[in-house]
Structure formats: C-alpha cells, structure tokens
Asker: 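Encoded as structure tokens, here's the structure I'll be asking about.
Just so you know, these numbers use all the heavy atoms, side chains as well, and skip hydrogens, waters and symmetry mates. For the single chain, residues carry numbers from 1 onward in sequence order.
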Amino acid sequence: MSVLAAVKKFVADLLLWSVFVAGLVASAGGAGAVLDGTEKNVATAVGGVLALIAGSRIAKKPRIKAFLGRPGTLWFLFLFNGATAAAMYFTMDGAKGIIGAAAMGLVSLGALGGIVGGRRKRSEAKHAAGTNHEAGAVVSGRG
C-alpha cells in the first residue's frame with residue numbers, strides 16, 4: 001500500500017470514528033448543555049442517526065466484525081443489553097423509557113441471534129467434519 005493510500009485510509013477512519021463519537025455525545029444529552037427545547041430534541045435525534053450510520057459502517061470493518069462475532073462478545077452484548085433494557089423500562093418514565101428499552105432489547109435479541117447462528121454453524125461444521133472423516137475411512141479401506 002502506498003503512503004498516500006495509507007494516509008487516506010487513516011483520515012477516512014479518523015473521520016468515521018469522529019462522526020460516531022460526536023453522534024453518541026449529541027444523542028446522549030451533550031446537546032442539552034448548549035441547546036434547549038426543540039433544538040435539543042432535533043440535535044439528539046440527528047446525533048442518534050449519525051451514530052447509527054457511522055457505527056454500522058465501523059461494524060463492517062474486518063477486525064471489528066471478527067470481534068463482534070466472537071461468542072464471548074455476543075454473550076456479553078446479550079446479557080448486558082437485556083439487563084439494561086429491563087432497567088430502562090422500569091426506571092425511566094414515558095416514551096423515553098419505552099423507546100430506550102425497545103432499542104436495547106433489539107440489540108440484545110440481535111446478539112442472541114448471533115449466538116444461536118454461531119452455535120448452529122459450529123454444530124453443522126462438526127457434523128460435516130465427522131461425516132467426511134468417516135467417508136475417508138471407508139474409502140481408504142480402514143473402516
């Protein structure tokens with residue numbers, strides 16, 4: 001990779017992570033320190049959308065994707081976000097509590113889908129490896 005391509009990739013990654021962090025700060029209430037009323041609500045919503053878009057792009061990167069696909073990471077995401085969803089539902093009033101709990105619950109269910117899908121893939125791979133081993137033994141005359 002040329003130096004120019006490496007610098008270009010670094011700047012693009014830095015910009016993507018900056019947009020992600022700025023979106024999180026705005027959606028988590030950082031906009032409330034500067035804005036009030038409707039402007040605060042708009043900044044919070046736009047920040048959430050920016051964080052979602054940038055986070056989706058970041059999650060597609062190979063190293064991040066590999067990390068998010070590990071069983072330990074998926075179990076953590078499932079349990080932590082499930083507990084957070086329940087806590088948000090019972091401790092926050094009104095629409096904020098319901099929307100927050102629903103969003104965290106969806107992340108938890110997504111992690112559960114990854115756990116089940118990964119377990120199914122490992123089971124099928126193990127079964128296929130056992131079948132191939134047995135077929136090889138029969139073909140070679142050892143079975």
Asker: Show your working on side-chain contact (heavy atoms from CB on, under 4.5 Å) between Met88 and Ile98 and close with a plain yes or no.
Answerer: CA-CA 8 Å; Met88 289 175 88; Ile98 294 170; over 6 Å; no
Asker: Is Val19 reachable from Val42 through a run of I, L, V, M, F, W or Y residues, each pair having side-chain heavy atoms under 4.5 Å apart?
Answerer: yes
Asker: Within this structure, what is the CG-CE distance for the pair Leu109 and Met104, rounded to the nearest 0.5 Å?
Answerer: 12.0 Å
Asker: Of all the heavy-atom pairs spanning Gly47 and Ala26, show the shortest one and how long it is.
Answerer: CA-CB, 3.9 Å
Asker: Check for a donor-acceptor pair, side chain of Thr73 on one end and backbone N or O of Phe67 on the other, with a separation under 3.5 Å.
Answerer: yes
Asker: Should Val21 and Leu50 be counted in the same cluster of Ile, Leu, Val, Met, Phe, Trp and Tyr side chains packed under 4.5 Å apart?
Answerer: no
Asker: Side-chain heavy atoms nearer than 4.5 Å, only ILVMFWY residues, links allowed to pass through others: does that put Leu79 and Leu74 together?
Answerer: yes
Asker: Are the side chains of Asn81 and Leu106 in contact, using a 4.5 Å heavy-atom criterion?
Answerer: no
Asker: Working to the nearest 0.5 Å, report the span between CD1 of Ile53 and CG of Leu16.
Answerer: 11.0 Å
Asker: Going hydrophobic residue to hydrophobic residue with side-chain gaps under 4.5 angstrom, can you get from Leu77 over to Leu24?
Answerer: yes
Asker: Residues two or more places apart in sequence or in another chain: which of them pass salt bridge (Lys or Arg N to Asp or Glu O under 4.0 Å) with Lys65?
Answerer: none
Asker: If you compare all heavy atoms of Ala87 against all heavy atoms of Thr91, which two are closest, and at what distance to 0.1 Å?
Answerer: O-OG1, 2.5 Å
Asker: Classify the ring geometry between Phe76 and Phe80 as parallel (under 30°), tilted (30 to 60°) or perpendicular (over 60°).
Answerer: parallel
Asker: To the nearest 0.5 Å, tell me how far Ile58 CD1 sits from Phe20 CZ.
Answerer: 5.5 Å
Asker: Are Arg63 and Leu68 side-chain neighbours, meaning at least one heavy-atom pair lies under 4.5 Å?
Answerer: no
